[in-house]
Amino acid sequence: MARHLITSALPYINGIKHLGNMVGSMLPADVYSRYLRQRGHDVLYICATDEHGTPAELAAKEQGLPVAEFCAQAHDAQKAVYDGFALAFDYFGRSSSAQNVEITQHFARRLHENGFIEERAIRQVYSPADERFLPDRYVEGTCPHCGYDKARGDQCENCTRVLDPTDLIDPRSAISGSTELEVRETKHLFLLQSKLQHEVEAWVARHEEDWPQLASSIARKWLTEGLHDRAITRDLDWGVPVPADTWPELAAEGKVFYVWFDAPIEYIGATKEWADLEPEGRDWKAWWYEADADVRYTQFMAKDNVPFHTVMFPATELGVREPWKKVDYVKAFNWLTYYGGKFSTSQKRGVFTDQALSILPADYWRYFLVANAPESDDTSFTWEHFTATVNKDLADTLGNFVNRVLSFSRKRFGDEVPAGGEPGAAETRLGEEIAALLAEYETHMETLQFRKAAAALRALWSAGNSYLEEKAPWLEIKTDKDGAALTLRTAMNLIHLYAVVSEPLIPNAAAAMRAAFTLPADTATWTTPAEANSLTTLPPGTPFTVPPVLFAKLTEEDLETYKSRFGGQDA
């Protein structure tokens with residue numbers, strides 16, 4: 001089986017992430033990782049908190065904590081939420097790790113040796129009110145391209161154009177709000193992306209037709225506009241230090257690398273963190289160094305992160321002139337909006353992941369988000385849509401089917417799977433339908449079409465309900481007890497199949513369905529279409545229990561409560 005390296009965009013350290021962050025990177029990466037593991041592939045899913053940069057310093061200052069202590073606490077808080085969402089990372093690291101410092105400095109030295117880093121004197125924004133140089137993202141103003149009045153000095157989050165702080169109209173300090181800004185001279189290191197333009201273009205050209213149109217179009221837009229040399233150091237106290245053995249003057253001034261230089265390198269750094277936990281049994285370089293032939297690397301991210309992963313980080317890897325693994329497939333997502341407006345960490349707009357878990361268990365959110373993943377366009381979250389999806393798909397279609405089948409069978413045949421007669425025409429049709437739907441589900445999972453995969457899974461659940469309505473065992477038992485037993489045994493085999501193939505999307509409910517049956521050795525990791533056609537996994541006499549309600553229906557009162565707490569249509 002193939003080896004699959006999977007990474008999702010690193011969540012930034014300053015605060016718990018919202019549902020848009022979850023569906024735009026980590027959740028689909030987890031769903032895909034779970035699916036691949038079930039199919040027998042060797043999978044390594046790596047993520048980490050992105051901990052450097054001015055926002056971390058400011059957040060720590062606001063809480064009265066040293067920045068290292070703040071980041072350690074915030075990392076643990078985020079990890080707890082991701083555990084609550086059942087994200088099965090192989091390792092969730094930290095970009096402030098010693099491993100990332102080591103590898104980032106190695107990359108910088110190699111880029112310098114190869115002529116792709118240059119020291120330049122530049123004029124940079126300085127705020128006398130704050131007594132500091134302001135990193136790009138802490139100069140705010142109006143974007144000269146689209147007119148968005150909260151654009152940052154590094155990038156406009158509205159139109160995604162890359163900016164320089166001096167491009168902004170009416171710039172101000174994001175720290176103090178002061179508009180009395182000066183431009184002073186300071187020295188920084190620049191990554192000479194312009195010298196790597198043709199190499200990046202050739203690399204993108206070899207991959208872009210395989211990528212989603214969203215990813216390839218953003219990469220091509222950047223390349224068409226031309227790659228510019230970018231400053232990769234900042235005047236901060238917190239970050240990967242510029243190595244003194246290569247740039248002693250800048251190191252003495254306390255320069256650190258720009259967070260967008262070291263953050264993608266943390267994918268490699270976190271893999272080394274993972275390997276260092278068991279150095280005798282884990283080879284991190286086998287995933288990253290000279291690994292093109294036997295590792296398929298898939299990245300997951302929202303569209304605002306695409307330029308850095310399809311252009312800037314590949315430029316860095318190419319310039320190092322070493323055989324580091326580059327991404328094979330970039331799965332990019334549009335934005336999940338909240339009633340048509342943007343989720344916003346800074347403005348506390350929308351539902352945040354810790355709040356979501358305080359309302360309902362993870363599987364409710366996992367299923368809804370995957371079934372409505374913003375793949376082809378932005379998708380709007382509304383409480384009305386969420387409630388309707390939970391009630392129709394999870395509570396009625398899946399949960400009610402499981403409860404009806406197991407409760408009725410226990411009442412009429414006891415606590416073991418009944419035998420019944422031989423399968424007939426209805427079972428043959430069902431097996432063929434289930435096999436076809438499962439093949440469709442597999443195809444969509446293989447091609448990372450998450451909304452289509454969720455729709456195929458929903459169709460699998462619906463097929464069971466249709467079969468149950470057709471056979472009507474509550475009527476059948478009055479005239480044909482063996483026939484009713486066969487119907488229930490077939491339906492129980494469907495439940496076990498659902499337990500196996502639903503696991504990537506709803507792992508907790510899947511575990512409850514599987515645990516309902518006491519098999520001597522339940523080693524099923526996946527059910528193939530051919531196996532699904534027979535529906536005979538559970539032999540007659542298999543003990544079973546009726547699990548607790550898998551998914552509770554949400555009421556009008558629940559809906560009004562959620563809208564009152566988080567805002568509804570007028571939010």
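Here, residue 1 is the first one in the sequence, and each next residue gets the next number.
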[X] and [Y]: side-chain donor and acceptor closer than 3.5 Å?
{"X": "T382", "Y": "Y338", "result": "no"}
{"X": "T490", "Y": "E427", "result": "no"}
{"X": "T542", "Y": "E416", "result": "no"}
{"X": "S502", "Y": "W461", "result": "yes"}
{"X": "Y45", "Y": "D30", "result": "no"}
{"X": "S97", "Y": "N100", "result": "no"}
{"X": "N533", "Y": "E432", "result": "no"}
{"X": "Y467", "Y": "E469", "result": "no"}
{"X": "Y91", "Y": "R282", "result": "no"}
{"X": "Y339", "Y": "E384", "result": "yes"}
{"X": "H75", "Y": "T49", "result": "yes"}

Between [X] and [Y], ring centroids under 6.0 Å:
{"X": "W526", "Y": "Y35", "result": "yes"}
{"X": "F313", "Y": "F308", "result": "no"}
{"X": "Y297", "Y": "W288", "result": "yes"}
{"X": "F381", "Y": "W383", "result": "yes"}

Charged N to carboxylate O under 4.0 angstrom, [X] versus [Y]?
{"X": "R39", "Y": "E442", "value": "yes"}
{"X": "R37", "Y": "D90", "value": "yes"}
{"X": "K553", "Y": "D396", "value": "yes"}

Are [X] and [Y] side-chain neighbours, meaning at least one heavy-atom pair lies under 4.5 Å?
{"X": "L44", "Y": "I46", "answer": "yes"}
{"X": "Y562", "Y": "R565", "answer": "no"}
{"X": "S8", "Y": "Y267", "answer": "no"}
{"X": "S380", "Y": "H385", "answer": "no"}

- Message: Which residue is it: V500, L497, L406, L398? I am looking for the one with a side-chain contact (heavy atoms from CB on, under 4.5 Å) to M513.
- Response: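 For M513, the side-chain contact (heavy atoms from CB on, under 4.5 Å) check succeeds only for L398.
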- Task: Evaluate the side-chain contact (heavy atoms from CB on, under 4.5 Å) criterion for residues L457 and L505: first the C-alpha distance (whole Å), next the side-chain angles of each, then the deciding distance (0.1 Å), finally the verdict.
- Result: CA-CA 9 Å; L457 181 60; L505 275 72; 4.0 Å; yes
Establish, yes or no, whether the cationic atom of [X] lies under 6.0 Å from the six-membered ring centre of [Y] and within 45° of the ring axis.
{"X": "K331", "Y": "F333", "answer": "yes"}
{"X": "K342", "Y": "W335", "answer": "yes"}
{"X": "K411", "Y": "F408", "answer": "no"}

- Count the heavy atoms of every other residue, nucleotide or ligand shown that sit under 6.0 Å from NZ of K221, and state whether that count exceeds 12. yes
- Which heavy atom in R94 sits nearest to a heavy atom in A72, and how many Å separate them? NH2-N, 3.3 Å
- Item | Minimum-distance pair of heavy atoms, taken over all atoms of T527 and A532 | CG2-N, 3.7 Å
- Residues H309, F300; criterion ring-ring contact (aromatic ring centres under 6.0 Å, His included); working and verdict: CA-CA 10 Å; H309 289 81; F300 290 79; over 10 Å; no
- side-chain hydrogen bond (donor to acceptor under 3.5 Å, both in side chains) between Y367 and D393, worked out: CA-CA 9 Å; Y367 176 79; D393 295 357; 2.8 Å; yes
- Message: Before you tell me yes or no, could you show the steps for L519 and H496 under side-chain contact (heavy atoms from CB on, under 4.5 Å), namely the whole-Å CA-CA distance, both residues' side-chain angles and the distance that decides it to 0.1 Å?
- Response: CA-CA 11 Å; L519 289 170; H496 187 268; 3.8 Å; yes
